[in-house]
Amino acid sequence: MAGGGCSLPGQAKVLMPGEGYEGVTKFVLDVMTSYGLNACPPLLVGVGIATSVETAAVQSKKALFRPLGKRNPNEKAAYMEQLLEDGINSIGLGPQGLMGKMSVLGVNIENTARHPSVIGVSVNVGCWAHRKGHIIFDKDLHYTITSHSGVTL
C-alpha cells in the first residue's frame, strides 16, 4: 500500500504507563515532525495503541483503512484523533511539504485491550495518493468490486 516515502515515518514504541496518552501524543508528533515530510503530505495517519509494538503496528495499519472523516466510535479516541489532526496540521508541512494548512487528511486511531503496565504505540502513514478498494472473489475467482463503480480488472 505505501510507497517508499510512506514507509519512512512508520515507527513503533512501548511507553511506560506513566507517560499516558500525553506520551502517545508526543510520540506521534515526534514521528511526524521528524519523518512526515518524506511521505508526500497531505497524509493519512494511522495510530495503533495496544500492549506490544507488534499489535500496535497491526492496529495502525487497520486505522489507515477506515474511511476518511469517520471517527473512532470511542468518544475519547475520537477527541484524540481530532487533537492530533489539528496539531499535525498546525506544523505547516502542507501539500508535498511546500508549507500550508493541510499536512494531514486525517488521523485515525485503533486500539485493543492492553496490559496496564505498558502502552504500545505505532504510527503508519498513507500519502495523498492513498488508494483502497474492496473486491469480493467467489470460489470460481469471479469478482465483484464493491467500492468503485465502472471499474474492471
Side-chain angles (χ1 to χ4, degrees), residues 1-17 19-114 118-136 145-151 153:
M1 174 185 65
C6 282
S7 297
L8 288 169
Q11 293 188 37
K13 181 178 183 178
V14 176
L15 305 174
M16 296 293 288
E19 293 182 73
Y21 287 98
E22 293 83 4
V24 171
T25 300
K26 181 183 180 319
F27 177 73
V28 172
L29 292 175
D30 285 350
V31 168
M32 295 310 298
T33 56
S34 300
Y35 296 96
L37 179 62
N38 295 310
C40 302
L43 306 169
L44 179 60
V45 180
V47 177
I49 300 172
T51 294
S52 67
V53 293
E54 295 86 3
T55 53
V58 169
Q59 293 302 308
S60 68
K61 287 290 190 179
K62 179 181 173 186
L64 289 177
F65 284 96
R66 190 180 330 137
L68 283 176
K70 185 175 180 188
R71 293 284 179 211
N72 189 302
N74 178 296
E75 183 179 303
K76 290 181 181 180
Y79 180 65
M80 189 170 180
E81 288 173 339
Q82 187 63 57
L83 289 176
L84 284 169
E85 184 176 321
D86 293 344
I88 296 168
N89 276 330
S90 72
I91 294 168
L93 294 175
Q96 297 300 310
L98 300 174
M99 301 178 64
K101 295 180 182 179
M102 288 299 295
S103 301
V104 295
L105 300 169
V107 175
N108 294 342
I109 297 173
E110 289 291 330
N111 59 299
T112 63
R114 64 177 183 81
V118 293
I119 303 172
V121 60
S122 176
V123 176
N124 276 292
V125 303
C127 71
W128 64 272
H130 185 76
R131 296 175 186 97
K132 57 187 173 187
H134 188 252
I135 301 174
I136 300 171
I145 299 174
T146 59
S147 57
H148 299 80
S149 61
V151 176
L153 298 179

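Below, all heavy atoms of this structure are taken into account, side chains as well, without hydrogens, waters or symmetry copies. It should be emphasised that the depicted structure is a prediction, and the values quoted were computed from it without experimental measurement. This chain uses plain numbering: 1 for the first residue, then up along the sequence.
Without hydrogens or angle criteria, Asn89 side chain to Val104 main chain gives a donor-acceptor distance under 3.5 Å.
Residue Ala63 comes nearest to Gly46 through the heavy atom pair CB-CA, 3.8 Å, listed as atom of the first residue, atom of the second, then distance. Closest approach of Gly87 to Ser90, counting heavy atoms only: O-OG, 2.6 Å. Counting all heavy atoms, side chain and backbone alike, Ala113 lies closest to Thr51 at O-OG1, 3.9 Å.
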Worksheet entry | Full working for side chain to side chain contact (heavy atoms under 4.5 Å, CB included) between Val53 and Val14 | CA-CA 6 Å; Val53 293; Val14 176; 3.7 Å; yes
Practice prompt. Take Val123 and Val45, measure what side chain to side chain contact (heavy atoms under 4.5 Å, CB included) needs, and give me the verdict at the end.
Written response: CA-CA 7 Å; Val123 176; Val45 180; 4.0 Å; yes
Practice prompt. Let me see the working for Leu44 and Val125 under side chain to side chain contact (heavy atoms under 4.5 Å, CB included), right down to the final yes or no.
Written response: CA-CA 6 Å; Leu44 179 60; Val125 303; over 6 Å; no
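In this structure, CD1 on Ile49 lies 9.5 Å from OG1 on Thr112, to the nearest 0.5 angstrom. For the atom pair Met32 CE and Ser103 OG, the distance stands at 8.0 Å (nearest 0.5 Å). Atom-to-atom distance recorded for Leu43:CG and Leu64:CG is 10.0 Å, nearest 0.5 angstrom. Rounding to the nearest 0.5 Å gives a distance of 14.5 Å between CG of Asn124 and NZ of Lys62. Going from atom CD1 of Ile136 over to atom CD1 of Ile145 covers 10.5 Å, rounded to the nearest 0.5 Å. Of the inter-residue distances, the one linking Asn72 atom CG with Tyr79 atom OH reads 15.0 Å to the nearest 0.5 angstrom.
Counting heavy atoms from C-beta on, the side chains of Val107 and Ile88 come closer than 4.5 Å. Side-chain contact between Thr33 and Ile91 is present, with heavy atoms from C-beta onward closer than 4.5 Å. Using a 4.5 Å cut-off on side-chain heavy atoms (C-beta onward), Phe27 and Gln11 make contact. Side-chain contact between Met80 and Thr25: present, with at least one pair of heavy atoms (C-beta onward) separated by less than 4.5 Å. Counting heavy atoms from C-beta outward, Val47 and Ser60 have side chains that stay 4.5 Å or more apart. The closest side-chain heavy-atom distance from Ile109 to Leu84 is below 4.5 Å. Between Val24 and Ile119 the shortest side-chain heavy-atom distance falls below 4.5 Å. Using a 4.5 Å heavy-atom cutoff, the side chains of Val118 and Met16 are not in contact.
Contact check on Glu110 versus Arg66 returns a salt bridge, with a Lys/Arg side-chain nitrogen under 4.0 Å from an Asp/Glu carboxylate oxygen. A salt bridge links Arg71 with Glu85; the closest basic N to acidic carboxylate O contact falls under 4.0 Å.
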